[in-house]
Amino acid sequence: MKKTIRDIEWQGKRALVRCDFNVPLDNECLITDDTRIKAALPTIKYLVEQGASVVLMSHLGRPKGEPKEEFSLAPVAVRLTDLLEMPIIFAASDSVVDDDVKETCSQLKPGEIALLENVRFRKEEEKNDPEFSKELASLGDIFVQEAFGTAHRAHASTAGVSDYIPAVSGFLIEKEVKYLGDALENPERPFVAIMGGAKVSDKIKVIENLLTKVDSLIIGGGMMFTFFKAMGLEIGKSILDEENITLAADLIALAEEKGVKLILPVDTVCADEFSNDANISIVTRDNIPVDMMGMDIGPESIKLFRDEILNAKTVVWNGPMGVFEMPNFAKGTEEVARAISESSCVSILGGGDSAAAVEQLGYADKISHISTGGGASLEFLEGRVLPGIAIIEDK
């Protein structure tokens with residue numbers, strides 16, 4: 001078990017909290033989605049209530065190691081002020097940490113909050129430079145890891161600071177590790193994994209690891225056509241991860257060897273062009289026309305997947321079933337989301353497109369846990385050690 005903020009006596013201490021405030025901004029630098037900011041609020045509020053002073057830090061976008069106004073965290077400070085209904089001190093500095101910033105942080109009273117400028121304004125951040133890590137660590141007494149979205153990166157603000165001050169997890173990290181960890185180590189069975197998205201290559205290690213854990217593995221999305229190709233089927237103009245056809249065949253064999261039920265779509269919604277207004281045809285998987293492309297799973301596949309999901313006790317889902325951004329090819333993704341929402345299972349969504357789809361379709365509140373980190377959740381499901389989690393002290 002990892003230490004959390006509950007294991008610390010915070011009165012009079014300064015918490016240095018790494019959040020994931022990498023939020024989307026429009027052309028006028030206004031925040032268009034504050035989900036990630038809201039996700040950190042329970043931890044921030046707890047620290048304030050416990051008498052800590054709080055220094056928040058995050059990255060935003062890819063400024064590539066130099067100050068760029070369009071990547072400033074100033075809009076985040078404004079939104080935090082609104083959401084917390086209290087003033088947030090924005091410690092603006094192009095060098096992130098300087099004498100003024102150190103002074104500001106050292107003068108914080110219990111219950112006061114400061115936000116640093118974008119840590120990626122310094123090239124030392126992504127290099128996990130010890131000197132920059134030490135500069136950041138000097139701003140707090142205890143490091144609170146709350147940025148699951150970057151926990152798979154060994155950067156100064158996500159890992160390096162823990163060389164100089166003790167590290168504990170916030171509530172968000174605690175929840176991520178609990179749900180994902182339980183699913184991999186001690187799932188309620190039947191345990192079903194659903195993998196979608198375009199490329200097999202993105203999910204190879206995840207699938208290999210899950211095949212040692214799950215009872216059933218459902219494959220949908222663009223990657224199904226690489227599996228079809230490995231089975232010797234015609235896929236027309238469908239997306240193909242050509243380099244990994246052999247690997248798809250190996251994964252089919254591995255599923256058989258491990259006694260895992262591998263469920264592939266039995267039919268597909270095809271289109272004559274990549275457009276919502278294309279001519280559409282629903283065909284069985286062994287009848288995909290040479291001049292058409294698969295865009296979604298078909299109705300028979302939806303029934304097949306739905307039955308498996310409703311029978312499950314644990315479901316992990318990563319990746320949409322089709323080109324869900326186009327309404328005519330969103331049904332597969334929508335019906336999988338609906339089945340999960342109607343199931344009594346523990347359901348975990350691995351961030352990214354699946355999370356966006358579920359939010360868009362209105363099923364988010366029916367999912368047990370939606371991960372805040374797409375890449376991090378995938379690496380966790382691969383069984384890899386995440387640097388930003390490994391540095392948290394054990395109880």
[X] versus [Y]: any side-chain heavy-atom pair under 4.5 Å?
{"X": "Ile340", "Y": "Lys366", "value": "no"}
{"X": "Leu210", "Y": "Leu184", "value": "yes"}
{"X": "Val101", "Y": "Val96", "value": "no"}
{"X": "Ser58", "Y": "Leu73", "value": "yes"}
{"X": "Val214", "Y": "Val316", "value": "no"}
{"X": "Phe121", "Y": "Phe71", "value": "yes"}
{"X": "Glu382", "Y": "Glu208", "value": "no"}
{"X": "Ile219", "Y": "Ile263", "value": "no"}

Donor-acceptor pair, [X] side chain versus [Y] backbone, under 3.5 Å?
{"X": "Asp7", "Y": "Thr4", "answer": "yes"}
{"X": "Gln145", "Y": "Gly388", "answer": "yes"}
{"X": "Thr268", "Y": "Asp296", "answer": "yes"}
{"X": "Thr81", "Y": "Ala77", "answer": "yes"}
{"X": "Trp317", "Y": "Gly319", "answer": "yes"}
{"X": "Asn118", "Y": "Ser72", "answer": "no"}
{"X": "Asp33", "Y": "Pro24", "answer": "no"}
{"X": "Asp241", "Y": "Ser201", "answer": "yes"}
{"X": "Ser368", "Y": "Val346", "answer": "no"}
{"X": "Arg79", "Y": "Ile37", "answer": "no"}

Verify side-chain contact (heavy atoms from CB on, under 4.5 Å) between Val283 and Asp267, making sure each step is shown before the conclusion. CA-CA 6 Å; Val283 297; Asp267 58 352; over 6 Å; no
Charged N-O contact under 4.0 Å between [X] and [Y]:
{"X": "Glu124", "Y": "Lys127", "value": "no"}
{"X": "Asp20", "Y": "Arg36", "value": "yes"}
{"X": "Lys68", "Y": "Glu70", "value": "no"}
{"X": "Asp394", "Y": "Lys2", "value": "yes"}

Let me know which of Glu334, Glu342, Glu300 forms a salt bridge (Lys or Arg N to Asp or Glu O under 4.0 Å) with Arg306.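 Exactly one option meets the salt bridge (Lys or Arg N to Asp or Glu O under 4.0 Å) with Arg306, and it is Glu342.
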Tell me, with the steps shown, if Thr43 and Glu146 meet side chain to side chain donor-acceptor pair (under 3.5 Å). CA-CA 8 Å; Thr43 287; Glu146 193 63 339; 2.6 Å; yes
[X] [atom1] to [Y] [atom2] distance, which is reported to the nearest 0.5 Å:
{"X": "Ile245", "Y": "Phe227", "atom1": "CD1", "atom2": "CZ", "value": "11.5 Å"}
{"X": "Leu349", "Y": "Ile367", "atom1": "CG", "atom2": "CD1", "value": "5.5 Å"}
{"X": "Met292", "Y": "Asn287", "atom1": "CE", "atom2": "CG", "value": "12.5 Å"}
{"X": "Met321", "Y": "Ile218", "atom1": "CE", "atom2": "CD1", "value": "7.5 Å"}

Write down the atom of [X], the atom of [Y], and the distance for their closest heavy-atom approach.
{"X": "Ala159", "Y": "Ala154", "answer": "CB-CA, 4.1 Å"}
{"X": "Ser157", "Y": "Val161", "answer": "O-CG2, 4.2 Å"}
{"X": "Ile309", "Y": "Ser343", "answer": "O-OG, 3.5 Å"}
{"X": "Pro42", "Y": "Lys38", "answer": "CD-O, 3.6 Å"}
{"X": "Leu217", "Y": "Met195", "answer": "CD1-CG, 4.0 Å"}
{"X": "Lys203", "Y": "Gly197", "answer": "NZ-CA, 4.3 Å"}

Audit row: Ile8, Val144, side-chain contact (heavy atoms from CB on, under 4.5 Å) steps and yes/no: CA-CA 11 Å; Ile8 303 293; Val144 179; over 6 Å; no
[atom1]/[X]: more than 12 non-hydrogen atoms of other groups inside 6.0 Å:
{"X": "Lys134", "atom1": "NZ", "result": "no"}
{"X": "Glu273", "atom1": "CD", "result": "yes"}
{"X": "Lys205", "atom1": "NZ", "result": "no"}
{"X": "Lys109", "atom1": "NZ", "result": "no"}

For Leu84 and Val48, run side-chain contact (heavy atoms from CB on, under 4.5 Å): C-alpha distance rounded to whole Å, both residues' side-chain angles, the deciding distance at 0.1 Å, then the answer. CA-CA 11 Å; Leu84 288 166; Val48 166; over 6 Å; no
Applying side-chain contact (heavy atoms from CB on, under 4.5 Å) to Arg120 and Leu60, what does each step give before you reach the verdict? CA-CA 7 Å; Arg120 288 190 186 171; Leu60 195 161; over 6 Å; no
For the residue pair Asp98 and Ser93, confirm or rule out a side-chain donor-acceptor distance under 3.5 Å.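 The answer is yes; a qualifying pair exists.
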Thr158 and Arg18 side chains, donor-acceptor separation under 3.5 Å: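 No, Thr158 and Arg18 have no side-chain donor paired with an acceptor closer than 3.5 Å.
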If the plane angle is over 60° it's perpendicular, under 30° parallel, otherwise tilted; pick one for His369 and Tyr179.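 Ring orientation of His369 relative to Tyr179: parallel.
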